[in-house]
There are 2 protein chains.
Amino acid sequence: MPLDSTSSLTPNRLLKLWHDALLESVRRDTPDLSARQMSVLLAVYVVPPPHTVRGLSSSMNVSKPAITRALDKLCALDFLRRKPDETDRRSIVVQRTVKGSVFLSDFGDSIAESLKHLDD
Amino acid sequence: MPLDSTSSLTPNRLLKLWHDALLESVRRDTPDLSARQMSVLLAVYVVPPPHTVRGLSSSMNVSKPAITRALDKLCALDFLRRKPDETDRRSIVVQRTVKGSVFLSDFGDSIAESLKHLDD
DNA sequence: CCGAATCATTACGATAACGTATCAAAAATA
DNA sequence: TATTTTTGATACGTTATCGTAATGATTCGG
């Protein structure tokens with residue numbers, strides 16, 4: 001029997017999954033990112049490149065300065081990297097880093113763990 | 001074939017699910033809660049009562065003033081309610097509200113929707 | 001009883017994030 | 001080439017949250 005046929009992921013159970021995984025990340029000493037910051041980070045790792053400030057801004061429906069600030073923090077954490085766009089030097093390209101990959105990979109594992117113990 | 005046997009919820013796919021659902025909540029005009037605030041709200045709705053400040057504080061590994069402040073915001077939104085504990089009048093009991101139930105119910109539906117379209 | 005412990009909250013100064021307006025630099029347009 | 005547009009970043013004042021330390025109220029223990 002496949003692991004995911006954890007009875008059926010109803011909205012209520014998904015809410016519990018969200019709670020468990022979120023609680024784990026709040027408890028841990030991991031850098032606590034706002035919803036926006038986390039959303040930016042995930043976008044870069046989950047959505048195919050390239051990623052620019054204006055692209056993230058429009059897809060998230062958030063002002064450009066807010067994206068710039070989120071990038072400031074995520075770059076300071078070394079979770080993302082800004083790289084000048086050679087073809088259009090007004091733009092920058094947001095890239096992944098090893099540290100960011102590890103952070104999100106751990107987070108993904110944490111969600112999977114929460115899913116595994118959803119009935120405990 | 002059950003809906004949830006969506007191939008198999010690997011950590012990477014769970015990360016994408018998290019991204020999609022989080023993006024939806026960032027995009028929407030819904031009140032944006034910090035991770036801690038969301039965690040408090042979810043705890044009250046997902047974990048069996050009773051809920052007190054000290055209980056939330058210790059389970060989340062967060063200072064009591066931080067919980068009080070989160071409650072300030074969540075009560076202002078009418079997502080939670082403080083009720084004096086009759087048996088021990090030093091304590092308060094945190095309770096659910098209709099508005100909070102609706103908010104979380106909608107959020108659960110949103111996650112379910114993201115799960116449904118995980119492969120789009 | 002009366003001091004000590006426990007509960008939630010408030011005070012405080014520091015830090016972080018917000019939105020709007022503006023900026024310099026580069027590109028597109030004319 | 002001169003003007004306009006676009007891009008990402010900064011400036012500015014405001015609001016929100018933080019952690020530590022106190023505060024008032026209540027309960028517990030001797």
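Protein chains get the first letters and strands the later ones, always in sequence-line order, with residue 1 at the start of each. Everything numeric here is computed off the predicted structure, so don't read it as measured data. Below, all heavy atoms of this structure are taken into account, side chains as well, without hydrogens, waters or symmetry copies.
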Nearest-Å distance for atom pair CG/P, residues B:Leu74 and D:dA16: 14 Å

Sidechain N-carboxylate O distance under 4.0 Å for B:Arg89, B:Asp85: no

Phosphate-side-chain proximity, A:Ser91 and D:dG8, N/O vs OP1/OP2 below 4.0 Å: yes

B:Val47 side chain near A:His19 side chain, heavy-atom distance below 4.5 Å: yes

DNA chain D-proximal residues of residues 22-52 of chain A, any heavy atom under 4.0 Å: A:Thr52

Length of the line joining B:Ile92:CD1 and C:dT6:P, which is rounded to integer Å: 19 Å

Phosphate-side-chain proximity, B:Arg69 and D:dT17, N/O vs OP1/OP2 below 4.0 Å: no

Residue whose closest nucleotide on DNA chain C lies nearer the 5' end, A:Val62 versus A:Glu86: A:Val62

Short side-chain N/O contact from B:Arg89 to OP1 or OP2 of C:dA8, under 4.0 Å: no

Test item: side-chain donor near acceptor, B:Arg28 and B:Ser110, under 3.5 Å: no

Selected nucleotide, minimal atom distance to B:Ala66 side chain, candidates C:dT9, D:dG19, D:dA9: D:dG19

Length of the CG-P vector between B:Asp72 and D:dC18, whole Å: 11 Å

Whether over 12 other heavy atoms sit under 6.0 Å from B:Lys83 NZ: no

Among D:dG8, D:dT27, D:dG19, the one nearest B:Ser63 by side-chain distance: D:dG19

A:Lys73 side-chain N/O to C:dA17 phosphate OP1/OP2 under 4.0 Å: yes

Residue A:Arg54, side-chain atoms from C-beta onward, closest of D:dT27, D:dG8, D:dA21: D:dG8

Nearest listed nucleotide, side chain of A:Pro65, among D:dT10, D:dG8, C:dA8: D:dT10

Rounded distance in Å - CG (A:Asp85) to P (C:dA25): 19 Å

Polar pair under 3.5 Å, donor/acceptor by atom type, side chain B:Arg90, base C:dT6: yes

Sugar-phosphate only, base, or nothing, as touched by A:Asp88 at under 4.0 Å among non-hydrogen atoms: sugar-phosphate

Side-chain ion pair, B:Arg13 and B:Asp119, N-O less than 4.0 Å: yes

Ring geometry between B:Phe79 and B:Phe103 (parallel below 30°, tilted from 30 to 60°, perpendicular above 60°): parallel

Electrostatic pair B:Arg82:B:Asp72 at N-O distance under 4.0 angstrom: yes

Gap between atoms NZ and C1', on B:Lys64 and D:dG24 respectively (whole Å): 13 Å

B:Leu22, B:Leu23, B:Val26 screened by side-chain contact (heavy atoms from CB on, under 4.5 Å) with A:Met38, the one that passes: B:Leu22

Presence of B:Thr68 side-chain N/O under 4.0 Å of C:dA8 phosphate oxygens OP1/OP2: no

Separation of C:dC18 C1' from A:Met60 CE (nearest whole Å): 14 Å

